[in-house]
Amino acid sequence: MTLNVLQIVPGTSVDGPGLRTSIYLAGCTHRCPGCHNPASWDFNAGTLYNVDELADIVISHEFNVTLTGGDPLQTPHPEALLHLIKRIKSAGLNVWLYTGYTLEEARQIAAIKPILDEIDTIVDGPFIESLRDTSLPFRGSSNQRILKLNGEL
Ligand code: SF4
């Protein structure tokens, strides 16, 4: 099982509470005007990682983890993403996930449902330029929500 990874950033404080390891997964079709990183839209961008090797790397950092991108929920390999999340959770780390879908939209997609059952917190919704608000922690626009799904926030 593999995932295309744009970047792994250990010890960041901008993608959720505390110091976290952020994993930027390649690929997104939402095409939000004003997107922070259009280069992340290409599903073939970045480096192909074996999922267990990726899990070993991020677990070794001992930070909680944020999955972002791109849109992690649009990965062509949701089973690989689910395996990664389960490995991270088994190590006692919590998982935040950023998506351009609303939670309601994500819940309609069968392949995504098991992922929603595992992650702790979702930051949902597309970036909407007219609602851009730099005062909001961990979000780009005010339509985006920080929603606790399981476990701790
Ligand atoms: S969902 Fe995120 S990565 Fe995708 S286009 Fe919108 S802002 Fe960019």
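Atoms within a ligand are numbered from 1 in the order they appear, just like the ligands themselves.
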Practice task
Go through the steps to decide whether L25 and I23 satisfy the test side chain to side chain contact (heavy atoms under 4.5 Å, CB included), and finish with yes or no.
Solution key: CA-CA 6 Å; L25 295 176; I23 307 172; 4.0 Å; yes

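- For atom 3 (S) of ligand 1, the closest heavy atom belonging to the protein is G70 N, 3.6 Å.
- When only non-hydrogen protein atoms are considered, atom 2 (Fe) of ligand 1 lies nearest to H36 CE1, 4.0 Å.
- Nearest non-hydrogen protein atom to atom 4 (Fe) of ligand 1 is C28 SG, 2.2 Å.
- D120 pairs in a salt bridge (Lys or Arg N to Asp or Glu O under 4.0 Å) with only one of the listed residues (K148, R20, K89), which is K89.
- Checked by atom type, the side-chain pair D124/T99 shows no donor-acceptor distance below 3.5 Å.
- For Y98, the heavy-atom gap to ligand 1 stays at 4.0 angstrom or more.
- Within ligand 1, counting atoms from 1 as listed, the ones closer than 4.0 Å to a heavy atom of G100 are 1 (S).
- Atoms of ligand 1 found under 4.0 Å from any heavy atom of R31 (numbered from 1 in listed order, with element): 5 (S).
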Problem - side chain to side chain donor-acceptor pair (under 3.5 Å) between N4 and H77, worked out - result: CA-CA 10 Å; N4 274 69; H77 307 292; 5.8 Å; no

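- Screening T68, T66, N37, D15 against Y24 for a side chain to side chain donor-acceptor pair (under 3.5 Å) leaves a single residue, D15.
- Taking each of P126, G27, C32 in turn, the one with a heavy atom nearest to atom 5 (S) of ligand 1 proves to be C32.
- Between D56 and R87 there is a salt bridge, since a side-chain N of the basic residue sits under 4.0 Å from a carboxylate O of the acidic one.
- Among the atoms of C35, no N, O or S atom falls under 2.8 Å of atom 4 (Fe) of ligand 1.
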